[in-house]
There are 2 protein chains.
Amino acid sequence: MVSGNTLAEIAALIGDVARANILSALMDGRALTASELAWHSGVSPQTTSGHLAKLSEANLITMSPQGRHRYYKLATPEVAQAIEALMSVASFGPRRHRPVGPKDEALRNARTCYDHLAGRLGIALADTLTARNHIVLSESAGALTDEGRRFLCDFGIDLEAGRGRHNRALCRTCLDWSERRPHLAGRLGAALCTRMFELGWVERIKDSRALAVTAAGKSGLKQTFGIEEQSANLGD
Amino acid sequence: MVSGNTLAEIAALIGDVARANILSALMDGRALTASELAWHSGVSPQTTSGHLAKLSEANLITMSPQGRHRYYKLATPEVAQAIEALMSVASFGPRRHRPVGPKDEALRNARTCYDHLAGRLGIALADTLTARNHIVLSESAGALTDEGRRFLCDFGIDLEAGRGRHNRALCRTCLDWSERRPHLAGRLGAALCTRMFELGWVERIKDSRALAVTAAGKSGLKQTFGIEEQSANLGD
DNA sequence: GGAACGCTTCGGCCGCGACCGAAGCGTTGT
DNA sequence: ACAACGCTTCGGTCGCGGCCGAAGCGTTCC
């Protein structure tokens, strides 16, 4: 309960295959039930339950009961960031043979990364906003310009949303594992993602972090952001 | 050798107390010998050797032999970043009683964080450069302005230095664990740190990541950056 | 050449923790 | 009320991996 929480303790928690699977499954920011997580983790429900208890204990995830289900989600954006950083390190080294299946291709095209957009779509958005001088992206860092603020406001985004107790950063960047280039994270990235869902521009593909760009999304992205299908290979 | 390198494998490597100690000791960016690391890790030299082999195998650290010594250092800035992120998560939770000793106080005042400056000195530098509009720091992100580029050039900093194969970011920010505010990292942070050492403004305190600000440093910081002692509590 | 030193390899011990079966508890639905 | 369901707790097994002592290899110094 007092939760010592040293570097080694946290890393050890992530350093178990079953728990790493659980955390990876939660990386899209949604809350999942214990059963769903048991499925993802690859071990029995009892064992999964133990893992979930440990992760909660260390404040890596939080639980909210709902009827006879218990929903688990990542506790804070910082946790997602740490896992993302570890994944980045993990994907280094001799680029091992990674056969690209069709589902993998969908992931590369567009997906959620914790609570923001990633993949070619995420990159395209970051590129467009940069080209229009709405954001200034200095490699792995970013700042929003006044024009950008106005533009996003017009687009229906509330930049103050999600300004929680943690005073989360407005505009962060996050290294895209498939494109190896930064995309938008932080409150801005999250708000952009939320808005696209609201507008029905993107939809979740079942059982995956991958996203499908709807017809409305294709025309909207073109008109509002000037993103053509081929530029991001949307609709592959 | 092929190094599967999954998320769980990397995290498990960091998730051992002895190895975490080793990595923490290397977080100041210097290369240390196996013996020194054995001392830091708290286990015997044989055991340490095994740990170092595993860390090397996974490309978290690299080794360069030198005489009868073997120097180990973190392999890439990404590794440092991942560890930093984990530390950030670890220091969350119920702020546990952390008795502040004199050595701890020195660490809070000024220290190196991987290869850049942290602590009150790091924060003060970031604040000053921001106030003078030399950098634009959007919470956890940053970009260098043209004026800033000129200023730093005059200060004797080569911004192209360290532009290695990894195309490391120029201006990143890094959450300071003692101040809970961002300080400067990336190539810029590293160059700033290097320059301060060159000028003899700061010196390492033995057996610690803490730094001492020299007399030359105090006057230099005041004249060049307008940083008064009390503003950063230098000389505490 | 021999001794001291730095580091690694080998072998064996031992404890922690992941795992599952069985059972228990609370919720839902009929 | 009862059964089905979702999830957790308990108890016991087992294997992985951290640990050290002893020994081996290469370097340095006199």
Side-chain angles (χ1 to χ4, degrees), chain A residues 1 3-26 30-73 207, chain B residues 1 3-26 30-73 207:
Chain A
M1 190 57 57
S3 139
N5 274 6
T6 66
L7 168 62
E9 284 164 0
I10 297 296
L13 280 174
I14 308 176
D16 171 84
V17 180
R19 284 193 295 260
N21 285 336
I22 290 173
L23 293 170
S24 297
L26 292 175
R30 283 183 296 179
L32 300 180
T33 67
S35 311
E36 290 170 320
L37 290 172
W39 189 89
H40 279 106
S41 73
V43 296
S44 70
Q46 316 85 289
T47 304
T48 301
S49 178
H51 288 314
L52 293 174
K54 284 179 183 166
L55 292 172
S56 298
E57 173 80 3
N59 294 312
L60 291 188
I61 61 176
T62 56
M63 187 268 287
S64 52
Q66 210 155 310
R68 55 180 164 184
H69 295 280
R70 290 190 173 190
Y71 281 88
Y72 288 92
K73 60 193 280 284
D207 294 331
Chain B
M1 191 57 60
S3 141
N5 275 8
T6 66
L7 167 62
E9 284 165 1
I10 298 296
L13 280 174
I14 308 175
D16 171 85
V17 179
R19 283 193 296 258
N21 285 337
I22 290 173
L23 293 170
S24 297
L26 293 174
R30 282 183 297 180
L32 300 179
T33 67
S35 312
E36 290 170 320
L37 291 172
W39 189 89
H40 279 105
S41 72
V43 296
S44 70
Q46 317 79 294
T47 304
T48 302
S49 177
H51 288 315
L52 292 173
K54 283 179 183 167
L55 292 172
S56 298
E57 173 80 4
N59 293 313
L60 291 188
I61 61 177
T62 56
M63 186 267 286
S64 52
Q66 209 155 312
R68 56 181 165 185
H69 296 282
R70 290 192 173 188
Y71 282 88
Y72 289 92
K73 60 193 281 283
D207 293 332

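In the text below, chain A, chain B and the rest are named by the order of the sequence lines, each starting its count at 1. These values consider heavy atoms only, across backbone and side chains, with no hydrogens, waters or symmetry-generated copies.
Nearest-nucleotide assignment on DNA chain C puts the 5′-proximal partner with B:Gly50, out of B:Gly50 and A:Gln66. When the nearest nucleotides of DNA chain D are assigned to A:His69 and A:Ala53 by heavy-atom distance, the more 5′-ward of the two goes with A:His69.
Counting to the nearest Å, the C1' atom of D:dT8 and the CD atom of A:Glu57 are 15 Å from each other. The interatomic distance linking A:Ile14 (CD1) with C:dA18 (P) rounds to 14 Å, in whole Å. Atom CE of A:Met63 is separated from atom P of D:dT8 by 7 Å (rounded to the nearest Å). When rounded to the nearest whole Å, the span between CG of B:Leu55 and P of C:dT8 equals 12 Å.
Residue-level contact check: A:Thr33 touches the backbone only, with heavy atoms under 4.0 Å from sugar-phosphate atoms and none from bases.
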| task | Would you sort out whether B:Leu37 and B:Asn21 count as a side-chain contact (heavy atoms from CB on, under 4.5 Å), showing the intermediate values? | result | CA-CA 8 Å; B:Leu37 291 172; B:Asn21 285 337; over 6 Å; no
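Within the 4.5 Å cutoff, the side chain of B:Ile10 has heavy atoms near those of the B:Ile14 side chain.
When the side-chain nitrogen and oxygen atoms of A:Tyr72 are compared with OP1 and OP2 of D:dT8, one or more of them lie within a distance under 4.0 Å. Note on B:Arg70: a side-chain N or O is less than 4.0 Å away from OP1 or OP2 of C:dT8.
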Indicate every side-chain donor-acceptor pair of residues 43-56 of chain A with a distance under 3.5 Å to a residue at least two apart or in another chain.
residue, atom, partner, partner atom, Å
A:Ser44, OG, A:Gln46, OE1, 3.1
A:Ser44, OG, A:Thr47, N, 3.3
A:Ser44, OG, A:Thr47, OG1, 3.0
A:Thr48, OG1, A:Ser41, OG, 3.2
A:Thr48, OG1, A:Ser44, O, 2.9
A:His51, ND1, A:Arg19, NH1, 3.1
A:Ser56, OG, A:Leu52, O, 2.9

Tabulate below the donor-acceptor pairs under 3.5 Å that side-chain atoms of residues 61-72 of chain A make, not counting sequence neighbours, or state none.
none

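Considering CD1 of B:Ile22 and CG of B:Leu32, their distance stands at 10.5 Å, rounded to 0.5 Å.
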Quick test: give all pairs of protein nitrogen or oxygen and nucleotides 18-26 of chain D nitrogen or oxygen below 3.5 Å, distance rounded to 0.1 Å.
residue, atom, partner, partner atom, Å
D:dG18, OP1, B:Arg19, NH1, 3.1
D:dG18, OP1, B:Arg19, NH2, 2.9
D:dG18, OP2, B:Lys54, NZ, 2.5
D:dC19, OP2, B:His51, NE2, 2.7
D:dC20, OP2, B:Ser44, N, 3.0
D:dC20, OP2, B:Ser44, OG, 2.9
D:dC20, OP2, B:Thr47, OG1, 3.1
D:dG21, N7, B:Gln46, NE2, 2.5

